[in-house]
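Starting from 1, each residue takes its place in the sequence as its number. Please read these numbers as outputs of a predicted model, since none were measured by experiment.
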Amino acid sequence: MLAIRNEAPADYQAVEDLTRRAFYNLYVPGCHEHYLVHVMRDHPDFLPELDFVLELDGEVIGSILYTRSTLTGETVERRDILTFGPVCVAPERQRQGYGKQLIGRSLARAAELGWGAVVIFGAPANYVGLGFQCCQRHAVQMKDGSCPTAILVKELKPHALDGGPWTYRDSPVMHFDEEAALRFDAALPPMEKRVLPCQEEFYILSHSVLR
């Protein structure tokens with residue numbers, strides 16, 4: 001039995017443990033994403049109505065969380081949009097379509113709630129099949145004017161991003177204290193930190209720009 005539902009307080013620890021397992025050693029030795037989940041829920045930009053878990057036979061195997069972010073135009077006032085992440089699926093359940101279902105359900109709900117667009121940071125290969133596009137196609141850029149390869153955009157309403165160029169700013173919750181994250185992780189059952197090739201791939205992708 002597969003179910004996608006809103007996260008409840010009883011799920012918090014399971015989701016943090018799941019996030020830790022899914023991200024450990026993926027981008028760097030260890031990870032910080034479970035700490036981000038832990039602190040995100042108390043931030044004013046967190047959107048509990050778009051906080052979902054995916055259950056398989058009663059076990060939480062996937063999670064997605066959303067925060068409010070902003071676009072600022074040259075001639076248009078600030079526009080609130082969405083960013084999701086962390087999003088994860090249990091390592092043993094990955095590449096079986098569960099992540100696609102979870103993201104798709106949450107995007108559909110976001111559209112129902114009236115949100116116009118989503119901007120995320122991620123590997124294009126993982127998201128273009130879900131309708132995400134290069135940020136440059138929608139004139140979305142960072143505050144320094146760059147268009148990073150890993151910044152991807154999806155309109156939930158047609159023409160929601162007309163009127164650019166736009167400067168994207170994520171929520172301040174994304175810029176957490178890394179030392180606090182390390183202390184948080186150190187208090188948990190130990191996991192082996194390893195250096196893996198996927199970390200170099202992430203470094204290259206996360207530091208590359210289109211212009």
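With rounding to the nearest 0.5 angstrom, the CD atom of E192 is 9.5 Å from the OH atom of Y24. Between I120 atom CD1 and D170 atom CG the span is 13.0 Å, to the nearest 0.5 Å. In this structure, L107 CG and E112 CD are separated by 11.0 Å, a value rounded to the nearest 0.5 Å. Taken to the nearest 0.5 Å, the CG atom of L18 stands 8.5 Å off from the CD atom of E59. With rounding to the nearest 0.5 Å, the separation of CD in E33 from CZ in R20 is 12.0 Å. Distance check: R21 CZ to E92 CD gives 4.5 Å after rounding to the nearest 0.5 Å.
A side-chain donor-acceptor contact under 3.5 Å links E155 to the backbone of L161. E16 places no side-chain N or O within donor-acceptor distance of the main-chain N or O of V37, the cut-off being under 3.5 Å. Although no hydrogens or angles enter the test, the distance criterion places a donor-acceptor pair under 3.5 Å between the side chain of R79 and the main chain of A160. Without hydrogens or angle criteria, D80 side chain to T70 main chain gives no donor-acceptor distance under 3.5 Å. For R211 (side chain) and G145 (main-chain N/O), a donor-acceptor pair under 3.5 Å exists by modelled atom type. Between the side chain of Q94 and the backbone N or O of V89, at least one donor-acceptor pair lies under 3.5 Å. With hydrogens and angles disregarded, no donor-acceptor distance shorter than 3.5 Å links the side chain of N25 to the backbone of Q199. Distance alone, capped at 3.5 Å, is enough to place a donor-acceptor pair between the H43 side chain and the D45 backbone. Judged by distance alone, the side chain of K143 and the main-chain N or O of T167 form no donor-acceptor pair under 3.5 Å. S63 places no side-chain N or O within donor-acceptor distance of the main-chain N or O of C88, the cut-off being under 3.5 Å.
For Y203, the OH atom is loosely surrounded, since the number of other residues' heavy atoms within 6.0 Å does not exceed 12. Within a 6.0 Å sphere centred on NE2 of H175, heavy atoms belonging to other residues, nucleotides or ligands number more than 12. Within a 6.0 Å radius of CZ in R5, more than 12 heavy atoms belonging to other residues, nucleotides or ligands are found.
The hydrophobic cluster containing F132 does not contain V119, counting ILVMFWY residues as joined when their side-chain heavy atoms lie under 4.5 angstrom apart, directly or transitively. Under the 4.5 Å side-chain heavy-atom criterion for ILVMFWY residues, no single connected hydrophobic cluster contains both I81 and L156. Both V153 and W166 are members of a single hydrophobic cluster when ILVMFWY side chains are connected at heavy-atom separations under 4.5 Å. A single hydrophobic cluster is not seen to contain both L210 and V128; linkage of ILVMFWY side chains at heavy-atom distances under 4.5 Å, directly or through other members, places them apart. Hydrophobic clustering (side-chain heavy atoms under 4.5 Å, transitive across Ile, Leu, Val, Met, Phe, Trp, Tyr) groups Y27 together with F121.
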Query raised in the report: Do F176 and L36 pass the side chain to side chain contact (heavy atoms under 4.5 Å, CB included) test, and can you show the C-alpha distance, the side-chain angles, and the key distance before you say yes or no?
Result: CA-CA 7 Å; F176 52 84; L36 176 57; 4.0 Å; yes
Report task. Test side chain to side chain contact (heavy atoms under 4.5 Å, CB included) on E7 and V60 and set out the steps. Result -> CA-CA 10 Å; E7 183 189 44; V60 173; over 6 Å; no
Report task. Take L130 and K154 through the test side chain to side chain contact (heavy atoms under 4.5 Å, CB included) and record every step on the way to the result. Result -> CA-CA 9 Å; L130 293 167; K154 181 178 176 66; 5.8 Å; no
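A heavy-atom distance below 4.5 Å is found between the side chains of T19 and F23. Contact annotation: the side chain of L71 never approaches that of H138 to less than 4.5 Å [non-hydrogen atoms, C-beta and beyond]. Considering only heavy atoms from C-beta on, R105 stays 4.5 Å or farther from Q101 through its side chain. Proximity of F46 to L65: side-chain heavy atoms (C-beta onward) are separated by under 4.5 Å at one or more points. By the 4.5 Å heavy-atom criterion applied to side chains, M142 and Y168 are counted as neighbours. A heavy-atom distance below 4.5 Å is found between the side chains of P124 and L205. Inter-residue side-chain proximity for Q136 and Q141 is flagged as unmet; no heavy-atom pair is nearer than 4.5 Å. The shortest distance between side-chain heavy atoms of W115 and K157 does not fall below 4.5 Å.
For the residue pair M174 and G85, the shortest heavy atom distance occurs at CE-O, 3.9 Å. The two residues L50 and A110 have their closest heavy-atom pair at CD2-N, 3.7 Å. The two atoms that bring Y35 and D177 nearest to each other are CE2-O, 4.1 Å, heavy atoms only. The nearest pair of heavy atoms linking T83 to S69 is OG1-OG, 2.8 Å. Between D144 and S146, the shortest heavy-atom distance links the atoms OD1-OG, 2.7 Å. The nearest pair of heavy atoms linking N6 to D11 is O-OD2, 4.3 Å.
When ring centroids are compared, F184 and H34 come within the 6.0 Å threshold.
Each of I64, V87, D51 was evaluated against S106; a single residue qualifies, I64, per the side-chain contact (heavy atoms from CB on, under 4.5 Å) test.
In this model, no donor atom of one side chain and acceptor atom of the other lie less than 3.5 Å apart for S171 and T67.
Stacking of R109 on the aromatic ring of F52 is not recorded, the 6.0 Å distance cut-off and the 45° axial limit not both being met.
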